[in-house]
K.L.:
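So that we are looking at the same thing, I have put the structure below in structure tokens.
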Amino acid sequence: MTAIFRRYWKLWVPPLALLVLDLAGLAAYRMLFAGNVDRLREEVAAEESRLERLSAQRNELAELVLRARRSRAGIDRLYDRSFGTESERLTDWIREVKELAEQSGLAPSTISYPSEELVDYGLLKRSFVFPVRGSYASLRQFINLLELTESFVVLEGVTMNESEPELQISLSLSTLFAERDGGDGT
Amino acid sequence: MSSALELNLSRSPFVNRRPVRRLTMALWVAASVLLVVNVLLIWSHRSGSVEGRAELARVRAAAAREVELGRLLRDELGSLRLSDQNAHVDFLNQRIAQRAFPWSRLFDQLVEVLPRGVRLRSLFPGIGAEESRRSRSRRTVLDARVRLSISAQAEDGEAMLELIDRLFAHPAFDRPNLIRETGDGSTVGFQLDVLYQPDLESTARAQAAGEPRQGDGPETTAAASLETERTGSESSDAAGAGAGGSR
């Protein structure tokens, strides 16, 4: 039996050699390359998850920047529209407060205007302190008018002393002025 | 002599080559199938590898873009100086809260608590001081309170104590704190601090709904609104508190 295989070796040895080569190739593939694609896929998945994290971080940063810009714009708007500079608003403000006081029946005769520089915020705080004689109703009307006015006027405090027939009232008001455009004290 | 039927006409003796042929066929088939499998595997590996590398390159490029965008945004945030800006916003919100302070409502509520024998002498809301104490904490409905400094004159000590009892009882006031009392025989002058909640109604509504307050300023009829909000930074608190309502 083996003699015949030996005799006709030229028939079966070539396919056997090819088969062996195929098996060697398959083994080499399994050992050297089979994991490559899987590793590549894992690498892609890891990079994709990193990309996702980076995108989320970037979105958070973008949101933060947007809020910061909005906030900055709000500050600028406030400085520009509400505070204005002293040269733009001071006299109008004094005139307005006097008119409101007179409208309420409180006519200030002595007024002091202390000021304080708020350097960190690029603002100047200007106060308007005045003693006045008047009734409680006049005081309430004046306060109401101050609340309704469009201007940025802060009533900081009220002092009252009884003196017949009227109250002796001391009012301290203040406003803010931008020291320069944009008011960038920060 | 052999007969004609016994003649051996073969050129050579009979050899059974079928096992060799069968083995050869089987080997060819197996080798061919394995060859096809190998070719398919190599093809699939090659194309998978090319696609994978392209995908990896694409994802890495996108990640690099994200890193670059993040760097640009961080640079921009750095240039915006968030902590300074937040301090600025806090300061402005305090000023807005001062502007929006409802004096008329306060007077109405004081009328409710002042006994007959007590007269007000001075009234100063300290909005900034209370704010700075809690600037880093989360702002809630309770943070709308303002510390009022009240100085008053009473006909007698009993009237003064009645005022304090009434302040304790009134929902808009909290923790009255008597600081000084001076008597001149006929009247008693005194000074006290009390926490005042200006926006009591809306605060109560928000509290009932469990919502945090957005701003510190109560309602006002004044004009332009300020949309300044604190901006959370990476290192500090990200809890943004809204602007104090409208000016």
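The chains referred to below are lettered A, B, ... by the order of the sequence lines, with proteins before strands, and numbering in each begins at 1. Since the model is a prediction, treat every value here as computed from it, not as a measurement.
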K.L.:
Among all residues two or more places apart in sequence or in another chain, which pass the ring-ring contact (aromatic ring centres under 6.0 Å, His included) test with B/Trp28?
P.N.:
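For B/Trp28, no residue satisfies ring-ring contact (aromatic ring centres under 6.0 Å, His included) once neighbours in sequence are set aside.
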K.L.:
Heavy atoms only, distances under 4.5 angstrom: which of A/Leu167, A/Leu51, A/Asn161 has the most pairs with chain B? Name it, please.
P.N.:
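Going by pairs under 4.5 Å, I would pick A/Leu51.
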K.L.:
Quick check for you: among B/Arg53, B/Arg17, B/Gln153, B/Glu55, which has the greatest number of heavy-atom pairs under 4.5 Å with chain A?
P.N.:
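Top count of heavy-atom pairs under 4.5 Å with chain A: B/Arg17.
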K.L.:
With no hydrogens and no angle check, is any side-chain donor or acceptor of B/Arg121 less than 3.5 Å from a backbone partner on A/Thr159?
P.N.:
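Side chain of B/Arg121 to backbone of A/Thr159: no pair is present.
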K.L.:
To check you understand the geometry: which heavy-atom pair defines the closest contact between A/Arg58 and B/Leu73, and what is its length?
P.N.:
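Shortest heavy-atom separation between A/Arg58 and B/Leu73 comes out as O-CD1, 3.6 Å.
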K.L.:
Could you tell me which of B/Phe107, B/Phe124, B/Trp103 has the largest number of non-hydrogen atom pairs under 4.5 Å with chain A?
P.N.:
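It is B/Trp103.
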K.L.:
Please classify the contact of A/Leu176 with chain B as side chain, backbone, both or neither, using a heavy-atom distance under 4.5 Å.
P.N.:
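Just its side chain gets close to chain B.
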K.L.:
Of the listed residues (A/Ala62, A/Ser170, A/Ser55, A/Ala73), which shares the most heavy-atom pairs with chain B below a 4.5 Å separation?
P.N.:
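Top count of heavy-atom pairs under 4.5 Å with chain B: A/Ser55.
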K.L.:
Which atoms of A/Arg53 are under 4.5 Å from chain B, going by heavy atoms: the side chain, the backbone, both sets, or neither?
P.N.:
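Contact with chain B involves no heavy atom of A/Arg53 at all.
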K.L.:
When rounded to the nearest 0.5 angstrom, what is the spacing between CG in A/Leu148 and OG in B/Ser104?
P.N.:
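Result: 8.0 Å between the selected atoms.
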K.L.:
Does any heavy atom of chain B fall under 4.5 Å from the side chain of A/Gln57, the backbone, both, or neither of them?
P.N.:
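Contact with chain B involves the side chain of A/Gln57 alone.
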K.L.:
Got B/Thr24 and A/Tyr8 here, is their nearest side-chain heavy-atom distance under 4.5 Å?
P.N.:
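With C-beta onward as the side chain, the pair stays apart.
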K.L.:
Flag the pair B/Arg105 and A/Glu147 as a salt bridge only when some basic side-chain nitrogen lies within less than 4.0 angstrom of an acidic carboxylate oxygen.
P.N.:
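The answer is no: the pair does not qualify as a salt bridge.
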K.L.:
Could you check whether any side-chain heavy atom of B/Arg95 comes within less than 4.5 Å of a side-chain heavy atom of A/Val154, counting everything from C-beta outward?
P.N.:
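Answer no - side chains too far apart.
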K.L.:
Looking at every heavy atom in both A/Val153 and B/Arg99, which two are closest together, and how far apart are they?
P.N.:
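In terms of heavy atoms, the two residues are closest at O-CD, 2.9 Å.
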K.L.:
Do B/Asp108 and A/Arg140 touch side chain to side chain, with heavy atoms closer than 4.5 Å?
P.N.:
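SC-SC contact between B/Asp108 and A/Arg140 confirmed.
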K.L.:
Could you tell me whether the side chain of B/Gln85 and the main chain of A/Ala68 form a donor-acceptor pair under 3.5 Å?
P.N.:
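The answer is yes, because a donor-acceptor pair under 3.5 Å joins these two groups.
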K.L.:
Given a strict heavy-atom distance threshold of 4.5 Å, which part of B/Arg60 is in contact with chain A: side chain, backbone, both, or neither?
P.N.:
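Contact with chain A involves both backbone and side-chain atoms of B/Arg60.
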K.L.:
Residues two or more places apart in sequence or in another chain: which of them pass ring-ring contact (aromatic ring centres under 6.0 Å, His included) with B/Phe190?
P.N.:
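Partners of B/Phe190 by the ring-ring contact (aromatic ring centres under 6.0 Å, His included) criterion come out as none, since no residue qualifies.
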K.L.:
Which residues in residues 12-35 of chain A have any heavy atom closer than 4.5 Å to a heavy atom of chain B?
P.N.:
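At a heavy-atom separation under 4.5 Å, chain B is reached by A/Trp12, A/Pro14, A/Pro15, A/Leu16, A/Leu18, A/Leu19, A/Asp22, A/Leu23, A/Gly25, A/Leu26, A/Tyr29, A/Phe33.
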K.L.:
Identify the heavy atoms of A/Tyr79 and B/Leu92 that sit nearest to each other, and give their distance.
P.N.:
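Taking every non-hydrogen atom into account, CE1-CD1, 3.9 Å.
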K.L.:
Are B/Phe91 and A/Asp120 close enough that some pair of their side-chain heavy atoms sits under 4.5 Å apart?
P.N.:
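With C-beta onward as the side chain, the pair stays apart.
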K.L.:
So, for B/Val89 and A/Ser71, which heavy atoms are closest and what is the spacing to 0.1 Å?
P.N.:
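That closest heavy-atom pairing would be CG2-OG, 3.3 Å.
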K.L.:
Quick one: CD on A/Glu156 to CG on B/Leu123, what's the gap to the nearest 0.5 Å?
P.N.:
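Reported value, rounded in 0.5 Å steps: 13.0 Å.
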K.L.:
Specify the closest pair of heavy atoms between A/Ile4 and B/Asn16, including all atoms of both residues, with the distance to one decimal.
P.N.:
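In this case the closest contact between A/Ile4 and B/Asn16 is CD1-O, 2.8 Å.
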K.L.:
Checking A/Asp38 now: which residues fulfil salt bridge (Lys or Arg N to Asp or Glu O under 4.0 Å) with it, not counting sequence neighbours?
P.N.:
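Checked A/Asp38 against salt bridge (Lys or Arg N to Asp or Glu O under 4.0 Å); matches are A/Arg41.
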K.L.:
Salt bridge check: are A/Arg50 and B/Glu66 linked by an N-O gap of less than 4.0 Å?
P.N.:
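Salt bridge: no.
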K.L.:
Determine whether A/Glu47 and B/Arg58 make a side-chain contact, defined as any pair of heavy atoms from C-beta on separated by less than 4.5 Å.
P.N.:
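Sidechains of B/Arg58 and A/Glu47: no contact.
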K.L.:
Drop me the distance from A/Ile143's CD1 to B/Phe101's CZ, to the nearest 0.5 angstrom.
P.N.:
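CZ of B/Phe101 is found 10.0 Å from CD1 of A/Ile143.
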K.L.:
Hey, which of A/Leu40, A/Val37, A/Asn59 has the most heavy atom pairs under 4.5 Å with chain B?
P.N.:
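Looking at each option in turn, the highest pair count goes to A/Leu40.
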